[in-house]
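Here the structure comes first, spelled out in structure tokens, and everything after it is commentary.
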Amino acid sequence: MSPPPRLRFAPSPTGYLHVGGARTALFNWLVARREGGQMLLRIEDTDVERNRPELTDNIVEMIEWLGLRWDGDPVHQSERLDLYTAAADKLLAGGRAYWCDCTPDQVQARAKERGGPPGYDGFCRDRGLERGPTTALRFRSPDDGSTTFDDLVRGTVTFDNAKLEDFVVLRSNGTPTFLLANIVDDADMGITHVVRGEEHVNGTPKYLLIGDALGLGYRPAFAHLPVLVNEQRKKLSKRRDAVSVADFRDRGYLPEAMVNYLATLGWGPPDGVEIRPLVEISELFRLSDVTQSPAFFDVRKLQHFNAEYIRALDVGAFVERARRFFAHADATEAVLRPIASLVQERVRLLTEVEPMVDFLRLESIEGEIDDASWQKGVVKPGERAAAMLDAAVAGLSSCDWEAGAIEAALHGAARSAGFVNSEGQVQMSKAQTSVRVAVTGRMVGPPLYESLVVLGRERTLERLRAARAKL
RNA sequence: GCCCCCAUCGUCCAGUGGCCUAGGACGCCGCCCUUUCAAGGCGGUAACACGGGUUCGAAUCCCGUUGGGGGUGCCA
């Protein structure tokens, strides 16, 4: 029995949490959860220039919203700078790093001149520079040998050390770069599994080399997850793709649906049952089963998951959760309650709820009638629609005001208006259209009879008469 | 340019040498149910990139080609 694993999700507060980051957090969480381990949260905020502290709040809030609770307090790299500078000193003292005063422009210019590969050429390696206001500390990469690591997802990966340029570990402003802080922290925090995006594969040998130079004797297990891509098969980007987790929340997605869907990107349950609780997924999940190819983030499939999760809610919870999306909270809730279960199975997003019952809340739908619906549902049927409206007014004026009686009344109205087939059966499907449009303003909506019960006799008749008058 | 990686239906996932005339899910199409729309039921559409090997046998192993992606920062 191996000791419980320790994982970490290490976002950088340079952008909102997006679905790719959420998926990474999820996979970390699943492993920790399954094996009784821990998932720590580490905020990688060493770049003071790009950092936006307020984004840390967004990241933390979204992880919580998704239900991927981490263990312990979040670790902020900005509060641990001493650790990294101490490591840098050690590198320097051991001759494994040196100061360099080349500007990025100079590095690039030389590379261009050389005609060879871009990247740093080791210009300052043996210049014996002292630390200065414009010097950065570079790691002296080995000139030979190779660095190999095992990846739970991609197998054994090997890099030629000679291909690795001397990279910066300490910026001229004294702050550490990602690679240095990363391995120092992973080792210090006792991380056993480094689960992150595929974009980090190339940096892994550098990360490992720093660790070796530091004499850390640290070797975590790695799992580099395939990236999530857009329809152009490019890695999802915060700039060009609408992938902010907060936006999905605001568009009416349920966190359960979100994480469940994310779990099917790059991984699939052995029994093929995709929609299931996270705890169940965590029992089935294995990093070694993760796919190696990029996955397209398909919003339509996400919507299907969301609809399934909405339907699975009990009615009370459904209303409760839809409520935060209401512009007219109390009024909408009042008209929704009686037909909530009917609405519930008709929406894919929580944001669709209020618009679906707007006609019940509104005092009048004068001016709210959809023109295309009016043309198709009332004008086109012509005289029969007029007859139906008249008969409906008559029938609904005196019947009991409950769904069964309303149905009977409208059936009678349909018959008298001539909506009968050759066998003498009432064609309610066609007959109800004009009534529906007159009352709800649209061709589609929740079941009519139940809706009328909520609307009330007065407003129903009013709308029916108003529609009739326009013909 | 160089480094790393990937390649099964439109999309996601199964498949780890014979059970594959390739399975499930989303989408799409049709039918049924039905007061609209959904939901549900039934059926259908649709893929192993290409070329060589290895083998009695390849979607599964190897090589190449093509295509795609990731990286190549004093970002992470």
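The analysis underlying the following values was restricted to heavy atoms, covering all of them including side chains, and did not include hydrogens, waters or symmetry mates. Each chain gets a letter, A, B and so on, in the order the sequences are listed, and its residues count up from 1.
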Any base atoms under 4.0 Å from [X], or only sugar-phosphate, or nothing? Heavy atoms, all strands.
X        : value
A/Gln427 : nothing
A/Arg311 : sugar-phosphate
A/Phe296 : sugar-phosphate
A/Thr134 : base
A/Asp289 : sugar-phosphate
A/Arg50  : base
A/Thr103 : nothing

Taking atom C1' in both B/C74 and B/G15, what distance in whole Å separates the two?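 Pairwise C1' distance, B/C74 against B/G15, rounds to 48 Å.
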Distance between the C1' atoms of B/C61 and B/C4, in whole angstroms?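 To the nearest whole Å, 22 Å.
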Using ring centroids (six-membered ring only for Trp), state whether [Y] and [X] fall under 6.0 Å.
X        : Y        : value
A/Tyr253 : A/Tyr261 : no
A/Phe139 : A/Tyr98  : no
A/Trp70  : A/Phe9   : no

Have A/Asp101 and A/Thr135 got a donor and an acceptor in their side chains that come within less than 3.5 Å?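 Not at all, the side chains of A/Asp101 and A/Thr135 share no donor-acceptor pair under 3.5 Å.
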Classify the side-chain pair A/Thr175/A/Asn173 by whether it contains a donor and acceptor separated by less than 3.5 Å.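 Note: A/Thr175 and A/Asn173 side chains meet the donor-acceptor criterion.
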Tell me which nucleotide, if any, is Watson-Crick or G-U wobble paired with B/A49 when both distances must be under 3.5 Å.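 Partner of B/A49: B/U65.
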Can a side chain N or O of [X] be found less than 4.0 Å away from OP1 or OP2 on [N]?
X        : N     : value
A/Arg138 : B/C74 : yes
A/Gln292 : B/C5  : no
A/Lys234 : B/G68 : no
A/Ser429 : B/U36 : yes
A/Ser293 : B/G68 : no
A/Arg233 : B/C12 : yes

So, under a plain 3.5 Å distance rule, would you say the side chain of A/Arg154 forms a donor-acceptor pair with the base of B/C5?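 Check fails, no donor-acceptor contact within cut-off.
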Side chain of A/Thr14, base of B/C75: donor and acceptor closer than 3.5 Å?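 Answer is no: no donor-acceptor pair is held.
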Can you sort out which residues in residues 257-278 of chain A have a heavy atom within less than 4.0 Å of RNA chain B? Ascending by number, please.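 When residues 257-278 of chain A is checked for heavy atoms under 4.0 Å from RNA chain B, the hits, listed by number, are A/Thr264, A/Leu265, A/Gly266, A/Trp267, A/Gly268, A/Glu274.
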RNA chain B-proximal residues of residues 15-24 of chain A, any heavy atom under 4.0 Å: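 Close to the strand, none.
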Could you say whether A/Met428 or A/Glu345 is positioned toward the 5' end of RNA chain B, judged by the nucleotide with the nearest heavy atom to each?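 That would be A/Met428.
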To the side chain of A/Val157, which of B/C4, B/C12, B/G70 is closest?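 Side chain of A/Val157 sits closest to B/C4.
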Are any non-hydrogen side-chain atoms of A/Ser244 and A/Leu17 less than 4.5 angstrom apart?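 Contact flag for A/Ser244/A/Leu17 side chains = no.
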